[in-house]
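Notes to accompany the following structure.
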Amino acid sequence: MNNQRIDWPTFIGAFILLIAVTVPLVLFPEAGKEFVSMANTFLTTNFGVFYLAMGLIVFAFLMYVAFSKNGHVKLGEEGQKPEFNSFSWAAMLFAAGIGSSILYWSVIEWVYYYQGPPFGIEAESNEAIQWATAYGIFHWGPIAWAIYTLPALPIAYFYYVRKKPVLKVSEAVRPVLGQWVDGPIGKLIDVLFIFGLLGGAGTTLALGTPMIAEGVHHLTGIPVTLGMQAVIMLICTVIFAISAYSGLQKGIKLLSDVNLWLALFILAFILIFGPTRFIIETTFNAVGILLDNFFKMATWVEPFGNLAGFNETGFPEGWTVFYWAWWLVYAPFVGLFVARISRGRTIREMIIGTMVYGTLGCVLFFGIMGNFGLHLQLTGQFDAIGYMDANGPAATIIAVIGQLPLPNLMIFLFTVLAIIFLATTFDSSSFILASVVQKEVGDEPFRWNRLFWAFTLCIMPLVLMFLGGLDTLQTASIVGGFPLIFIMFLLAWSFMRASNRDITASDDYESPTIHIKRWKKKKKKSALEVLKEKDPDKKND
Ligand code: NM2
């Protein structure tokens with residue numbers, strides 16, 4: 001009986017695509033790697049501008065919706081209270097959308113920008129320092145969060161306002177694609193999304209696991225080997241599988257709350273016991289640089305390459321395009337998840353909440369963790385750059401944290417936080433993957449289905465890690481995520497189309513929810529009339 005509610009074509013389609021990509025990588029790792037990296041270079045150099053344009057358009061679109069009549073629409077019934085309070089909502093949102101990668105990049109991203117700055121600036125110059133403090137915030141800032149938020153609009157709208165019990169990307173583009181959603185195109189959209197997310201999650205694991213491993217190594221002395229990393233991955237999988245299994249109200253919410261408190265504690269500790277004034281001033285300054293150069297950064301595609309004495313840096317493809325692509329493969333998932341937790345909020349609250357809390361959270365991480373590291377470097381207390389050249393990024397992150405007072409305790413907490421961050425992204429991912437392969441989702445998708453995706457999320461990266469092909473998987477997901485750019489436009493269009501239609505059906509602009517209710521009543525009546533025509537004896541029940 002249960003199995004009838006599974007959408008088998010999507011389930012199997014996603015699985016086959018996954019196998020179809022993994023098996024050649026297992027059999028022919030070198031050739032596979034070369035092919036994928038060629039495809040990646042081709043896409044990011046030729047179509048990089050697509051990604052940047054998408055980012056800006058999505059950002060502008062959301063600003064428009066938030067303050068338009070469509071933003072008033074309530075996700076749920078009139079007078080309904082939000083299902084989760086704002087604290088838990090923000091915590092879940094942040095914990096789902098952000099994984100352990102923020103701990104990785106916020107501590108050391110500045111090193112890369114400092115050594116390979118944008119805009120033809122001299123490496124390791126004072127100007128490079130300034131940009132290094134701002135670029136991280138940009139890549140984890142308002143545009144990035146806008147990419148995350150957009151899919152939530154149509155999905156939440158159909159789930160709560162039109163009350164379709166389906167949590168699927170394809171369902172959210174029905175107003176534009178109509179019947180096609182039920183055919184192969186709809187399945188393809190869902191399968192592409194699943195594929196992108198699995199690859200994006202693979203990237204997260206590829207960064208997170210070595211970092212956690214270095215933390216464990218520092219605390220226990222166990223050498224970092226492939227086997228040890230595999231055990232860490234498995235332990236993380238068990239944690240998030242338990243959380244996904246116990247569901248939204250228990251495991252996922254609890255882990256997210258713990259995640260937020262622990263993160264706030266570590267950030268506060270670094271702020272207080274680290275160079276407080278330097279951190280505050282540098283972060284403040286960086287926000288200024290970002291605001292001043294927002295559009296410049298958002299549109300920099302390096303058009304002149306090596307012409308006329310310019311020196312091509314590859315910075316836009318390597319960073320901004322890569323980041324937008326990475327946020328993009330996660331976006332439908334975060335959209336589905338944000339939609340699921342936003343019952344009782346308005347569209348505007350959802351948009352502003354995601355973008356503001358999301359950006360603020362990232363500013364805190366980059367401002368505090370990043371500038372703590374930068375301060376160590378500039379004052380000569382700890383040569384993070386030299387350490388990184390010798391020992392790689394993962395060990396450097398742990399070494400930077402080890403410069404704090406109570407180093408062992410802080411490394412322990414940092415490692416635990418990384419595990420929880422990883423788990424909170426993966427439990428919600430498996431929850432959503434399970435939803436997408438079901439035809440209908442009551443309150444939550446089936447448990448076995450959630451567990452299945454929890455393990456699938458890890459097993460493939462695990463296999464590839466042993467083969468040394470994890471980088472290839474990352475790149476493949478970015479390549480596979482390319483069509484999502486177009487799906488983003490379909491999503492925006494669908495939302496506008498459906499909500500405008502519902503809103504104009506009423507004359508009451510101020511409260512579209514009331515208006516939508518009225519519209520629905522009308523609809524219902526006409527459905528009943530049709531029934532009566534067919535079967536005049538049928539009672540109105
Ligand atoms: N993003 C936010 O590993 C993670 O933190 C998950 C990464 C897309 C860069 C998301």
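Both ligands and their constituent atoms are indexed starting at 1 by order of listing. All values reported here derive from a predicted model rather than from experimental measurement.
Regarding atom 5 (O) of ligand 1, its nearest protein heavy-atom neighbour is Gly99 N, 2.5 Å. Of the protein's non-hydrogen atoms, the one nearest atom 9 (C) of ligand 1 is Trp326 CE3, 3.4 Å. Regarding atom 1 (N) of ligand 1, its nearest protein heavy-atom neighbour is Tyr148 OH, 3.9 Å.
In Trp327, the parts holding a heavy atom less than 4.0 Å from any atom of ligand 1 are both the side chain and the backbone. The proximity of Trp140 to ligand 1, defined as any non-hydrogen pair under 4.0 Å, is limited to the side chain. At a 4.0 Å heavy-atom cut-off, ligand 1 does not touch Tyr104 at all.
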Scan the side chains in residues 488-495 for donor-acceptor partners under 3.5 Å anywhere in the protein, sequence neighbours excluded, and list what turns up.
| residue | atom | partner | partner atom | Å |
| --- | --- | --- | --- | --- |
| Ser494 | OG | Ala172 | O | 3.3 |
| Ser494 | OG | Leu490 | O | 3.1 |

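Close contacts of ligand 1 with Thr204, meaning ligand atoms under 4.0 Å from a residue heavy atom, involve 3 (O), 4 (C), 6 (C). Using a 4.0 Å cut-off to heavy atoms of Gly97, the atoms of ligand 1 that qualify are 2 (C), 6 (C), 10 (C). Atoms of ligand 1 lying under 4.0 Å from any heavy atom of Tyr330, numbered from 1 in the order shown and given with element: 6 (C), 8 (C), 10 (C).
No N or O atom of Tyr323 sits closer than 3.5 Å to an N or O atom of ligand 1.
Of the listed options Ser429, Gly200, Ser101, Gly208, Ser101 places a heavy atom closest to atom 3 (O) of ligand 1.
The stretch residues 290-301 participates, sequence neighbours left out, in no side chain to side chain donor-acceptor pair (under 3.5 Å) pair at all.
For the pair Trp105 and ligand 1, no heavy-atom separation below 4.0 Å is found.
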